[in-house]
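The next block holds one structure in the form of C-alpha cells; read it before the comments.
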Number of protein chains: 4
Amino acid sequence: MNRGRPRSERVDGAVAAAVRDLLDEIGYQALSIEKVAARAGVGKAGIYRRWRSKAEMVFETAVHGPGIAPPADTGTLRGDLAALGERIVALLSAPHARPAVPGLLADVAADPALAGRFASGFVDSERAVLGEILDRAERRGEAAGADPAFVHALLLGPVFAYLFLGGGDVPPPDLPARLAAAVAAALGVEE
Amino acid sequence: MNRGRPRSERVDGAVAAAVRDLLDEIGYQALSIEKVAARAGVGKAGIYRRWRSKAEMVFETAVHGPGIAPPADTGTLRGDLAALGERIVALLSAPHARPAVPGLLADVAADPALAGRFASGFVDSERAVLGEILDRAERRGEAAGADPAFVHALLLGPVFAYLFLGGGDVPPPDLPARLAAAVAAALGVEE
Amino acid sequence: MNRGRPRSERVDGAVAAAVRDLLDEIGYQALSIEKVAARAGVGKAGIYRRWRSKAEMVFETAVHGPGIAPPADTGTLRGDLAALGERIVALLSAPHARPAVPGLLADVAADPALAGRFASGFVDSERAVLGEILDRAERRGEAAGADPAFVHALLLGPVFAYLFLGGGDVPPPDLPARLAAAVAAALGVEE
Amino acid sequence: MNRGRPRSERVDGAVAAAVRDLLDEIGYQALSIEKVAARAGVGKAGIYRRWRSKAEMVFETAVHGPGIAPPADTGTLRGDLAALGERIVALLSAPHARPAVPGLLADVAADPALAGRFASGFVDSERAVLGEILDRAERRGEAAGADPAFVHALLLGPVFAYLFLGGGDVPPPDLPARLAAAVAAALGVEE
DNA sequence: TGTTAATCGAGACGGTACGTCCCGTCTTGTT
DNA sequence: AACAAGACGGGACGTACCGTCTCGATTAACA
C-alpha cells in the first residue's frame, strides 16, 4: 500500500542522462550531485531520495549493466576464460564506465558499508560465473582443484592493470585470449 | 647559487608525519591539505610551495619508498619473479600506503599531467626491474621473447586485485610464489 | 511567485548583531566576513547571498538608519539648517556608525559600482532634504538662488572634519547651531 | 656613530616611484607592501626598516609634500582664506594623493598611534597657518575672537566633501573663493 | 470527492575545503 | 649593518559542494 505521490520515472531518466553526459565532459571527480541536479532539471532532494551517495548514483546509472550474463559453454576452459575476459574488458572499458571506475573504486574502498553492497552486487556475481566455468572444466577433466579467488584475480587483475595502472593505454585486442592462455597454462592444462 | 631563505626540513618532517597520522585516522579521501597544515603546525603556503596537489604530497610522503630496489639474481626466473612479487605486495600493503592507494590512483587517473609524472616515477622503474629479470631469463635460456608489459600486468594486476578489488582481504602469504609459478608456466618455462 | 526556501530572518538578525558587536570590539578594518559568520553562527554563503561585500553589509546593518527623515519646518532657514545639522551629526556619530565611517568611505571611494549605489541611497536623500529646506527659504524670501550642492558641502563637510579629520575629538554640542549661523550668513540672510 | 652599511638612497627612490605607479594603477586598497617591493626590486625588509605600515609609506612617499608653505599676506582675510583654500584643494587633489586619501584616512582613523603622528605632522601645521591668518585679520581689525578649529573645519570640510563625499566629482574651480567668502561672512566681515 | 501523504523543483541553511594573496617576521648568502 | 631573495605561520578572500531543511505546488491512492 504505497501512499502519496509515486516517484517519477522522468527523474530517473534525466539523472541517468545527466550523469553520463557529465562523466564524459568532466569526469567522476569533478562530477557533483549539485551539477547533476542542475543538468537534469531535478531537485537535489530527488537524488538523495534515490541514492545515498555520488558513488551509488554513478554506479547504478552509468556502470552497472545487466550484470555478467550467464556463461556460454565454448567447449574448452581456455575458450570459456577468454569469453569471460572479453566481458570483463567490455564492462570496464565501456564508454561511461571507464572514466568512472578509478574514482568509484576509491570511494568504495574508503567506505566499508559501500564496499559490502558493491561486493555483493558485482564481485560476487563475477565470481559465481567463474565458479561455473571451473566446475565445467573439472567435469571435462581439464583441471581440478583450482582456487576460484586466485583465478579471478589472475583474470581481472591484469585487465585492470592494463586499463588503469599502465598510463591509460588501450589494452591490446587479444588480451583476453592471451590471458586465457596464461591462466590455462598456470592451471596445468595441456595444450 | 641558491637565493633566499632555504626551505626548512622541519616542515617536510612535520608534514610527512601529519600525512601518515591522518591517513591512518581518517583515510585519503577525508584528508585535506587544510587538516594536514593544521596538524603539522605549518602554513598552507608551505605545503603548496612543495607539492601541487594532495595526491603528490601523499605519494611522496607516505607511499613512495626508495623505489624498487635492484633485483637480486635468485638463479631462476621463477625465483626472481617471486622476489619482485614480494616487493610489489610489500609496497602496496605497507601501513600508510594501503589506505592511500585507491584514492591516489583515482586522482592520478583523473589528471593526465599527474599521470605522466607518476608513470615515469613509479611504473617505469618497476618495468625496468622486470625487463632486467626477463633479460636474465633469456640469457639462461629459460624463456625468450616475453612481452614485459604483459608480464608486468600479469604480476601487478592480481596483487592489486587481491588488495583492492576483492573486498579488502589480506592477500595469502604465498601469493607471490603462486603468481611466479603461474607467470612462469604462462611463459612456457618447464618445471 | 517566490520559489525555493525563503531566506531566514534569523540570519539577518544574527548578522546585524555580530557586525555591531565586532565594530565595537575590533573596528571596521579588522572586521572580516569570516569573523562575522563565525560570531553569528551563520555560513559565509548566507552572507554573500545577501551582500556583495563587507562595505555593503556594514552599511546596511550598522549605519543606514531609516534615512534622513522629512524635515520639520522650524519657521526660519537657520532653524531648519540647524535641525538638519543635528541629524547629520547624529547619523555620523551614532555608536556603531562612527567607527565604521572612515573605512566604509574608503571602500566606497575605491569601488565605482559601490559609489553609485551608495550615492543614490544616501547622499541623494540628504540633498533632497536640503533642497526642500532651501525652497522653503526662497518662498519666505530669506534667500534666493542658493546652490544646494555648495550648501550641502558647507554643512556636511565641517561635521565630517570635526569627527574624522580633527584627531578624533567629540564635536562641540553647539556645532549644528554654529554651522547653521555660518551658512545663513554666507547666504546673505540678515540676522 | 653609525656602524654598518648605510641605507641606500636607491631604495627610497625606487619605493617612492613604485608607490606612485601602483596608486595610479590599482589604487590604495589593492596596493600591498609585497607588490611595492616586487615592483621596486627591493626586499620587503628594506621597506619595513623604513616605515611601520603601508599608511606611513604611502603618506610619506606620495602625499606629504613640503607641508603647507608659509602664508603670503594678501591684505584681506578673504584673500588669505582663499589662498589657503587653494593650497588645501591642491594638496588633496594632487595626482597621486587623491586616490590615496580615503584609504589613508581610514587607516589613520583605525590606529590611534598613527593618528597621533599624522595629526602632529599634518593637521597641526595646517592649523598653525590658519592661526597666523586669523591673527593678521585681528590685527587689521577685520574679525576678532574667531575659533581656529571651527574655521579650519569650515574650510577643510567642504573641500573634503566635494572631493570624497560627493560621488567623485571635480570641485568647481571657484570653490576656494566661494568658501573664503562664506567663511568671511560667517565671521562677520563686512563686504 | 475530498483528504492525506509523499513527491516535485527550487533554493536557503551551517559547514568544510579549495587555491591564492598578503601580512609581518625570520633566515640565507652577498656587499 | 644593510641588501635582494624568499620561506615561515597565520588569516582572509570569494567560490563550490556537502547533506539537510523548508517552501508552495503536484499527484495519486485512501476514505
Side-chain angles (χ1 to χ4, degrees), chain A residues 1-8 10-11 14 30-38 40-54, chain B residues 1-11 14 30-38 40-54, chain C residues 1-11 14 30-38 40-50 52-54, chain D residues 2-8 10-11 14 30-38 40-54:
Chain A
M1 60 180 99
N2 280 339
R3 304 240 294 139
R5 179 174 174 174
R7 292 197 184 158
S8 159
R10 195 188 62 74
V11 171
L31 178 150
S32 67
I33 299 261
E34 208 132 280
K35 282 201 185 87
V36 170
V42 148
K44 286 204 292 177
I47 293 180
Y48 281 107
R49 221 172 274 127
R50 289 169 169 76
W51 300 282
R52 285 184 217 267
S53 65
K54 177 170 99 168
Chain B
M1 169 163 33
N2 277 341
R3 299 205 292 177
R5 177 176 176 175
R7 294 197 183 156
S8 160
E9 290 181 27
R10 193 189 59 76
V11 172
L31 178 151
S32 67
I33 300 237
E34 210 136 87
K35 281 202 186 85
V36 170
V42 146
K44 283 203 292 177
I47 294 181
Y48 282 108
R49 222 172 270 130
R50 288 169 168 76
W51 300 282
R52 285 183 213 270
S53 64
K54 176 170 102 169
Chain C
M1 169 159 38
N2 278 341
R3 298 206 293 176
R5 179 175 174 176
R7 294 197 182 155
S8 159
E9 289 181 29
R10 194 188 60 75
V11 171
L31 177 151
S32 67
I33 300 238
E34 211 136 88
K35 283 202 185 83
V36 171
V42 147
K44 284 205 292 178
I47 293 181
Y48 282 107
R49 221 172 273 131
R50 289 169 168 76
R52 286 184 215 268
S53 65
K54 177 169 100 169
Chain D
N2 279 341
R3 305 235 294 136
R5 177 175 175 176
R7 290 194 185 161
S8 159
R10 209 207 84 242
V11 172
L31 178 150
S32 66
I33 301 259
E34 208 130 278
K35 282 202 185 86
V36 170
V42 148
K44 287 201 295 175
I47 294 181
Y48 281 107
R49 221 173 274 127
R50 288 168 168 77
W51 299 282
R52 285 185 216 268
S53 65
K54 176 169 102 169

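Order of the sequence lines fixes the chain letters, A, B, ..., with proteins taken first and strands second; residue numbering starts at 1 for each chain.
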Calculate the interatomic distance between Glu9(B) atom CD and dC8(F) atom P; express it in whole Å.
11 Å
State whether Arg50(D) places a side-chain N or O below 4.0 Å from either non-bridging phosphate oxygen (OP1 or OP2) of dC3(F).
yes
Could you please name the option among dA10(E), dT7(E), dC30(F) that lies closest to any side-chain atom of Ala45(A)?
dA10(E)
Separation of atom CZ in Arg7(A) from atom C1' in dG9(E), rounded to whole Å:
16 Å
Ranking dC13(E), dT4(E), dA17(E) by distance to the side chain of Val11(C), first place goes to dC13(E)
Atom CZ of Arg3(A) and atom P of dA31(F) are separated, to the nearest Å, by 6 Å
d(CD1, Ile47(B); P, dG10(F)) in whole Å:
12 Å
Under-4.0 Å side-chain N/O to phosphate OP1/OP2 contact, Arg10(B) with dC8(F):
no
Interatomic distance where CG belongs to Leu31(B) and P belongs to dA17(E) [whole Å]
10 Å
Of Pro6(B) and Lys54(D), whose nearest nucleotide on DNA chain E comes first from the 5' end?
Lys54(D)
Quick one: Lys35(D) NZ to dC23(E) C1', roughly how many Å, whole number?
13 Å
List for me each residue that meets side-chain contact (heavy atoms from CB on, under 4.5 Å) alongside Arg52(A), sequence neighbours excluded, and say none if there are none.
Glu56(A), Arg117(A)
Pairwise 5' ranking along DNA chain F for Gly4(C) and Val42(B), keeping only the more 5' one
Val42(B)
Glu34(D) CD to dG24(E) C1', straight-line distance once rounded to whole Å
10 Å
Do any side-chain atoms of residues 40-51 of chain B form donor-acceptor pairs under 3.5 angstrom with protein atoms, and if so which ones, sequence neighbours left out?
from, atom 1, to, atom 2, distance (Å)
Lys44(B), NZ, Glu34(B), OE2, 2.7
Arg50(B), NE, Asp12(B), OD1, 3.4
Arg50(B), NE, Asp12(B), OD2, 3.2
Arg50(B), NH1, Gly46(B), O, 2.9
Arg50(B), NH2, Ser8(B), O, 3.1
Arg50(B), NH2, Asp12(B), OD1, 3.3
Trp51(B), NE1, Glu60(B), OE1, 3.1

Gap between atoms CD1 and C1', on Ile33(D) and dG6(F) respectively (whole Å)
16 Å
Proximity to the side chain of Lys44(B) - top-ranked nucleotide from dA12(F), dT22(F), dG9(F)
dA12(F)
Taking 4.0 Å as the cut-off, does a side-chain nitrogen or oxygen of Arg49(C) come that near to OP1 or OP2 on dA12(E)?
yes
Does a nitrogen or oxygen in the side chain of Arg5(C) sit under 4.0 Å from OP1 or OP2 of dC21(F)?
no
Tyr48(B) has a side chain; which of dG14(E), dC30(F), dT20(E) sits nearest to it?
dT20(E)
